[in-house]
Amino acid sequence: MNQYTTRNTEAIELIETGRNRDAVSKLQSSLIELLTKELSTGEESSRQKWNEFRDLVAIGSPSSSNSNKSLNSTEFDEGLNVMSAPIGISVDRDVPPAILLCYNLATALSRLQEYGHTIKLYDFLVNSMIPPQPNDTDTTLPIRVGAYMCKGICLFRSYLFPEAIGCFKLFLSETIILQKKSKRWSLLSAAAINNIGLCYLHDDKSTSKAYNCAMECFSKSLNMRRAVLGGLNDKDSATVLNNLGRAMFCAEKYQGSLKMYLASLKIRETSLSPIHLDTGATILNAAQAYLSLGNYIESERFVLRFLDISKRRAIDNVHEDVAVAMKCLAQVYHRTHRSALALETLNKALETVKKMHHSTHPEVASILNDIATMNYECGKFNESIDAFKQCLEIDIKIVKQQKSFVNISTTISNLFHILCKAGRFREAVEINLKLIDIVSSDTKARDDISMIVIGDTWCRIGLAYTKLNLYDKAVDCFEYALDIRIDMFGDCDSNVISLLRTIGDLHMRQHMYDRAVHTFTEYVDILRVAHNKKEIGDLANALCLLGRAQIMAGNVEDAYTSFCEALEKEQEKLQKGIQQNKFRIPFIMQEIGKIYMQHHDYTTALTFFQKSLAFCKTHSLICASPHIDIAKLYSYIGQLYYSIGDTTESFKFYSLAIQWNRRYGQSDDDNLLDDMHILKKVLPTIKPDLAPAA
């Protein structure tokens, strides 16, 4: 045994007893000494490689504190560390000491969470020191695949999930030979597949597709373990079951998720202990599944079990999960109408998180958001607003650090909603203008997301100005938002289309009918581009809006053209059996009838109103809401009969209009009074003896 083997053995002892910094120092000094000798005696062709390696090893000692964030035990299981143990000469006596020393140095650094340095060491190992060999006699294969596995773990913990998946797949491809030789390697391969599932599960870009991939990996891992072990009764199988449950939960398959959690819990209670932290993590997961399934009794029972375990263990690393548990318990209390207890529990969760983190930590903001939301649902608007404002102060600080505007935008959106509910529209405007200042001031962070935030914020300000009847300012805000959305999404985006309608409606309120016609024309032109069935209805509605604006602007002929096209589109939908607004066709017929009335073509106008009435009767709309429209329809027909001199029919329809108004309207309704006034003129010519009754 040479001196480097002895030093490696000593370093292993240091690693296994938790003295990783001492191990790093010993391994670094040993490697530098060994590599210096190689540089002085080795061949010229290999000197560059050894020099590069020495520079890598000589990187300064690990920092005493590490800012890497850790995953909660409810989200992450320690089952990843399947090959992170140090290795000694027992692996193979022919393995060069430099390889063993380098591998163990990476192991010690990874335990100190120095992942960046560790990844570089593993890269050098697999690329320069132990490249793949063409046959199954490769003595360094176990070390190389171990490096793949451990590098993948470091990448996972550095939140580099796609890169981690690549490492785990390399491990699987190179262990096919080893799996045939030993069941141990089959279990390690099952662990690698589990790790790939975890990468899919924890990736910030996770989608339903990613969750399905995660579930597939966990299921495959369990099947491999079952084939090797003959069952699933060990703690590592419990870990995979728990992970499968988590993936199902994220995919909103709550019943299946709960089944996996309970299976994992049963194993952990026996293979670990009823009060082990991992057992507690599964209990908390099950509590969340029960909550999502609406089983509040079991959810509460499981949360309280977890809190009891955390109190007994009194270990710092469960505090994060304690906050998660309290948030879950608060939801149980809230949904079972114990609002006071819910808010009290959330405030305790807030205190717990503040003990763990600084007062401006994102998790503090998250709980404040929950407190604000719960106060809002309890009708406590002022308390809700205060909590959202505290959350907003934290979000502003986070923006300056992380240059991300998503959280602050969500908080301001929630705060805007509540301020508007409370009628505090000017305050809502001021807060949103503040967000625009924050986002606009950081030109370096100007990206698609920040521009979307600015566009959405201008829309909110526009809504508040609309509530304040400040239509000029509202239009300006919506036009700012419109320009942003056109630049980002193009003319035909649904957000652009909806904004054009909003701006057109505001022009109508401003009595700026020419501008309304211009905006609604643009609105219609964009919708004409679309040919799918869904947007045919939108086009018909847009044509109706344009027609009304054209009438108000005095463009009666243009309005007639717009309403006729709208009627054609609606009748086309009716023939194809496409779902539609059932009142739109009779409404359009009435609008066309009104245009003929303005041109004194009473006979044609009467034809359209009669068609409108017939359509209502045929499609059972005569008694449907809104009833007052039917009354107006009768009134128009009565007026038209009166205009062409048919007083008998005029009396009949005016009488029906009055009956409908009395039944569904108000006794002092203007339409009712007008109809009664006309009826007094008509009635004596029809039935003189009934004149006083009118």
Side-chain angles (χ1 to χ4, degrees), residues 203-210 395 399 402-417 420 428-429 431-466 471-509 515-546 549 566 569 578:
D203 193 343
D204 288 339
K205 300 183 180 69
S206 286
T207 60
S208 58
K209 182 179 178 181
D395 287 338
V399 163
Q402 300 180 2
K403 309 301 181 187
S404 172
F405 305 107
V406 176
N407 288 342
I408 190 172
S409 178
T410 302
T411 301
I412 285 183
S413 178
N414 291 334
L415 186 53
F416 171 83
H417 177 75
C420 289
V429 168
I431 285 174
N432 280 276
L433 286 173
K434 186 175 183 179
L435 175 59
I436 287 178
D437 287 341
I438 292 170
V439 180
S440 300
S441 63
D442 194 345
T443 54
K444 291 182 180 179
R446 193 70 59 84
D447 55 15
D448 287 351
I449 293 177
S450 64
M451 294 309 296
I452 290 172
V453 168
I454 292 173
D456 291 346
T457 307
W458 278 123
C459 285
R460 288 196 294 269
I461 297 171
L463 288 171
Y465 278 136
T466 301
Y471 300 132
D472 290 347
K473 290 186 175 182
V475 168
D476 288 342
C477 293
F478 286 124
E479 286 182 342
Y480 294 150
L482 181 65
D483 290 341
I484 291 171
R485 287 178 174 174
I486 289 174
D487 287 342
M488 294 192 66
F489 306 116
D491 291 345
C492 294
D493 181 74
S494 59
N495 290 314
V496 170
I497 294 169
S498 64
L499 274 176
L500 282 170
R501 171 170 179 171
T502 300
I503 294 169
D505 287 339
L506 285 170
H507 287 323
M508 293 292 285
R509 294 191 192 189
R515 291 186 67 180
V517 168
H518 176 79
T519 302
F520 284 131
T521 299
E522 189 177 354
Y523 179 40
V524 168
D525 289 344
I526 290 174
L527 285 175
R528 285 189 200 281
V529 176
H531 297 290
N532 61 65
K533 293 180 180 180
K534 182 179 179 181
E535 293 184 322
I536 291 174
D538 290 338
L539 178 57
N541 183 54
L543 287 163
C544 289
L545 294 171
L546 175 59
K569 297 296 181 185
I578 300 172

Q) For Asn432 and Thr457, does a side-chain donor sit closer than 3.5 Å to a side-chain acceptor? A) no
Q | Heavy-atom pair with the smallest gap, counting every atom of Gly504 and Thr519 | A | N-CG2, 3.6 Å
Q: May I have the step-by-step check of side-chain contact (heavy atoms from CB on, under 4.5 Å) for Glu479 and Leu499, ending in yes or no?
A: CA-CA 8 Å; Glu479 286 182 342; Leu499 274 176; over 6 Å; no
Q: Give the minimum heavy-atom separation between Ile461 and Cys477, together with the two atoms involved.
A: CG2-SG, 3.5 Å
Q. Do Leu543 and Arg528 come close enough that some side-chain heavy atom pair is under 4.5 Å?
A. yes
Q: Would you name the heavy atoms of Ala481 and Gly455 that are closest together and state the gap between them?
A: CB-O, 3.5 Å
Q. Under 3.5 Å, is there a donor-acceptor pair between the side chain of Asp493 and the main chain of Phe489?
A. no
Q: Identify the residue among Tyr480, Phe478, Tyr465 that makes a ring-ring contact (aromatic ring centres under 6.0 Å, His included) with Trp458.
A: Tyr480
Q) Could you walk me through whether Arg501 and Ser498 pass the side chain to side chain donor-acceptor pair (under 3.5 Å) check? A) CA-CA 5 Å; Arg501 171 170 179 171; Ser498 64; over 6 Å; no
Q) Can you check side-chain contact (heavy atoms from CB on, under 4.5 Å) on Arg460 and Val429, steps first, answer last? A) CA-CA 8 Å; Arg460 288 196 294 269; Val429 168; over 6 Å; no
Q | Within-4.5 Å side-chain heavy-atom neighbours: Leu546 and Tyr523 | A | no
Q. Looking only at heavy atoms, what is the nearest atom pair of Ala474 and Thr466, with distance?
A. CB-OG1, 3.5 Å
Q) Could you walk me through whether Ile454 and Ser440 pass the side-chain contact (heavy atoms from CB on, under 4.5 Å) check? A) CA-CA 8 Å; Ile454 292 173; Ser440 300; 3.9 Å; yes
Q) Could you state the interatomic distance from OG1 (Thr502) to CD1 (Ile497), rounded to the nearest 0.5 Å? A) 12.0 Å
Q) For the atom pair CD1 (Ile408) and CG (Leu415), what is the distance rounded to the nearest 0.5 Å? A) 10.5 Å
Q.
Donor-acceptor check, side chain of Ser413 to backbone of Ser409, threshold 3.5 angstrom: yes or no?
A. no
Q) So, are Asp491 and Arg485 salt-bridged, with charged N and O less than 4.0 Å apart? A) no
(Q) If I take atom CG from residue Leu545 and atom OG1 from residue Thr521, how far apart are they, to the nearest 0.5 angstrom? (A) 11.5 Å
Q: Apply side-chain contact (heavy atoms from CB on, under 4.5 Å) to His507 and Phe520, showing your working.
A: CA-CA 10 Å; His507 287 323; Phe520 284 131; over 6 Å; no
(Q) I need the Ile436 CD1 to Ile431 CD1 distance, nearest 0.5 Å. (A) 13.0 Å
Q | Nearest non-hydrogen partners of Cys492 and Ile526, listed with the distance | A | CA-CG2, 3.9 Å
Q | Euclidean distance, Ile503 CD1 relative to Glu522 CD, rounded to 0.5 Å | A | 8.5 Å
**Q.** Considering all heavy atoms, the nearest Ile484-Met451 contact
**A.** CG2-O, 3.5 Å
